[in-house]
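Atoms considered below: every heavy atom in the structure, side chains included; atoms not considered: hydrogens, waters and symmetry mates.
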Amino acid sequence: MGNKVSYGLTNVHYAVISKDEQGNYKYGKPKRVYGAVSLTLDPTGDSNNFYADNGVYFSRTANTGYEGTLSIARIPEEFRIDVLGEKLIDGGLLEKADAKPNDIALLFEVDGDVQQDRFVYYDVSVARPSQNANTTAESIEIEAQELSITVKPRTTDKAIRFVTGENTPKEIYDNFYNEVYEPKENQEAEQGE
């Protein structure tokens with residue numbers, strides 16, 4: 001039996017994307033980002049209705065991915081270098097206008113009453129974070145750092161995300177963060193024969 005409820009966010013990882021000469025996606029080894037606070041993703045894509053016979057005759061919604069925010073207690077230096085394109089110079093980070101940010105795969109899990117659901121979003125762009133700081137008053141208030149993210153369909157196969165389910169094989173589930181998992185769509189057809 002699968003999860004009845006979902007709660008919590010943990011095990012956030014990223015894997016930097018590179019592409020070969022044919023435009024195929026290659027992923028680096030996933031790296032953990034500690035201090036995940038929240039993730040909000042809203043679907044993007046227009047809905048178009050065609051009216052006939054005094055009503056909606058045909059409706060189609062385009063799935064162009066998601067947009068949202070990932071909040072982290074403090075964005076790690078390694079993430080700033082790998083993803084945002086900042087440079088480590090003299091022990092500090094230099095941000096330049098001509099920095100080349102890298103797209104990533106975003107992996108994470110959400111707790112459930114039975115087991116965690118593990119997610120991978122295959123093509124994610126990350127925008128530079130805002131800088132916020134407030135004076136300390138009677139109590140210390142810690143503010144998470146927010147990253148605006150855009151999830152796009154892959155250009156090669158239109159894949160957007162994969163999430164584990166109650167029938168996901170143990171080997172896939174247990175090794176989920178070792179590399180970016182690529183489902184094999186033809187396996188279902190082969191298993192059904």
Hey, does the side chain of Gln116 reach the backbone of Glu109 with a donor-acceptor pair shorter than 3.5 angstrom?
no
From CA spacing to verdict: ring-ring contact (aromatic ring centres under 6.0 Å, His included), Phe162, Phe119
CA-CA 6 Å; Phe162 174 81; Phe119 293 78; 9.4 Å; no
Counting neighbours of CG on Asp90 that are heavy atoms of other residues, nucleotides or ligands and sit closer than 6.0 Å, is the number greater than 12?
no
Apply side chain to side chain donor-acceptor pair (under 3.5 Å) to Ser148 and Thr69, showing your working.
CA-CA 5 Å; Ser148 293; Thr69 57; over 6 Å; no
Report yes if some heavy atom in the side chain of Tyr27 is under 4.5 Å from a heavy atom in the side chain of Ile17; otherwise report no.
yes
Using a 3.5 Å distance criterion without hydrogens, assess whether the side chain of Lys29 forms a donor-acceptor pair with backbone atoms of Asn178.
yes
Scan Thr150, Asp103, Asn102 and name whichever one has a side-chain hydrogen bond (donor to acceptor under 3.5 Å, both in side chains) with Ser125.
Asp103
Before accepting this row, confirm whether a basic side-chain N of the pair Arg154/Asp123 lies closer than 4.0 Å to the acidic partner's carboxylate O.
no
So salt bridge (charged side-chain N to carboxylate O under 4.0 Å, His left out) across residues 10-25, not counting sequence neighbours, yields none
Min side-chain heavy-atom separation Pro129-Glu146 under 4.5 Å:
no
Over all heavy atoms of both residues, which pair between Pro153 and Ile160 is shortest? Give the atoms and the distance, please.
CA-CG1, 3.7 Å
Lys184 (side chain) donor-acceptor with Glu182 (main chain) under 3.5 angstrom
yes
Nearest heavy-atom contact between Gly91 and Leu88 is C-CD1, 4.0 Å
When Asp117 is tested against each of Asp111, Val163, Thr168 for side-chain contact (heavy atoms from CB on, under 4.5 Å), which residue passes?
Val163
Tell me whether Tyr25 contacts the main-chain N or O of Thr155 through its side chain, where contact means a donor paired with an acceptor under 3.5 Å.
yes
Where is the tightest heavy-atom contact between Leu9 and Val37, given as atom of each residue plus distance?
CD2-C, 4.3 Å
Within a strict 4.5 Å, meaning less than it, do heavy atoms of the Pro101 and Val126 side chains meet?
no
Tyr34 to Ile72 - nearest heavy-atom pair and separation:
O-CG2, 3.7 Å
Side-chain touch Leu39/Val110, heavy atoms, less than 4.5 angstrom:
no
Any side-chain heavy atom of Asn11 sitting closer than 4.5 Å to one from Phe108?
no
Ionic contact status for Lys31 with Glu78, cut-off 4.0 Å
yes
How many angstroms lie between atom CD of Glu171 and atom CG of Asn175, to the nearest 0.5 angstrom?
6.0 Å
Residues Tyr57, Tyr51; criterion ring-ring contact (aromatic ring centres under 6.0 Å, His included); working and verdict:
CA-CA 5 Å; Tyr57 190 75; Tyr51 292 87; over 10 Å; no
Any donor-acceptor pair under 3.5 Å linking the side chain of Thr61 with the backbone of Ser47?
no
Report yes or no: is the cationic atom of Arg118 (NZ for Lys, CZ for Arg) under 6.0 Å from the centre of the six-membered ring of Tyr173, at an angle within 45° of the ring normal?
yes
Name all residues meeting the side chain to side chain donor-acceptor pair (under 3.5 Å) criterion together with Thr10; count only those two or more places apart in sequence or in a different chain, and write none if there are none.
none
Interatomic distance, Leu84 atom CG to Leu147 atom CG [nearest 0.5 angstrom]
6.5 Å
Relative to Tyr177, does Arg32 satisfy both conditions: NZ or CZ under 6.0 angstrom from the six-membered ring centre, and within 45 degrees of the ring's axis?
no
Which heavy atom of Ala105 sits nearest to which heavy atom of Val180, and what is that distance?
CB-CG2, 3.9 Å
Can you confirm whether Arg161 sits close enough to Val151 that some side-chain heavy atom of one is under 4.5 Å from a side-chain heavy atom of the other?
no
Asp157 side chain to Ala159 backbone, donor-acceptor under 3.5 Å
yes
Would Tyr66 and Tyr121 count as a ring-ring contact (aromatic ring centres under 6.0 Å, His included) here? Give the steps.
CA-CA 10 Å; Tyr66 298 86; Tyr121 285 82; 5.6 Å; yes
If hydrophobic clusters are built by linking Ile, Leu, Val, Met, Phe, Trp and Tyr wherever their side-chain heavy atoms come under 4.5 Å apart, do Ile172 and Tyr122 end up in the same one?
yes
Straight-line distance of Ile149 CD1 to Leu70 CG, nearest 0.5 Å
5.5 Å
Separation between CD1 (Ile104) and CG (Asp82), nearest 0.5 Å, reads 10.0 Å
For Ala144, is there any backbone N or O sitting under 3.5 Å from a side-chain donor or acceptor partner on Ser71?
no
Would you say that more than 12 heavy atoms from the other residues, nucleotides or ligands in this model lie under 6.0 Å from the CD of Glu138, or not?
no
Under a 4.5 Å cut-off applied to non-hydrogen side-chain atoms, are Val12 and Leu107 in contact?
no
With a 4.5 Å cut-off on side-chain heavy atoms, are Leu93 and Glu86 touching?
yes
Tell me whether Arg128 is salt-bridged to Glu95, with the criterion being a basic N under 4.0 Å from an acidic carboxylate O.
yes
Between Ile75 and Arg80 the two heavy atoms that sit nearest each other are CG2-CG, 3.7 Å
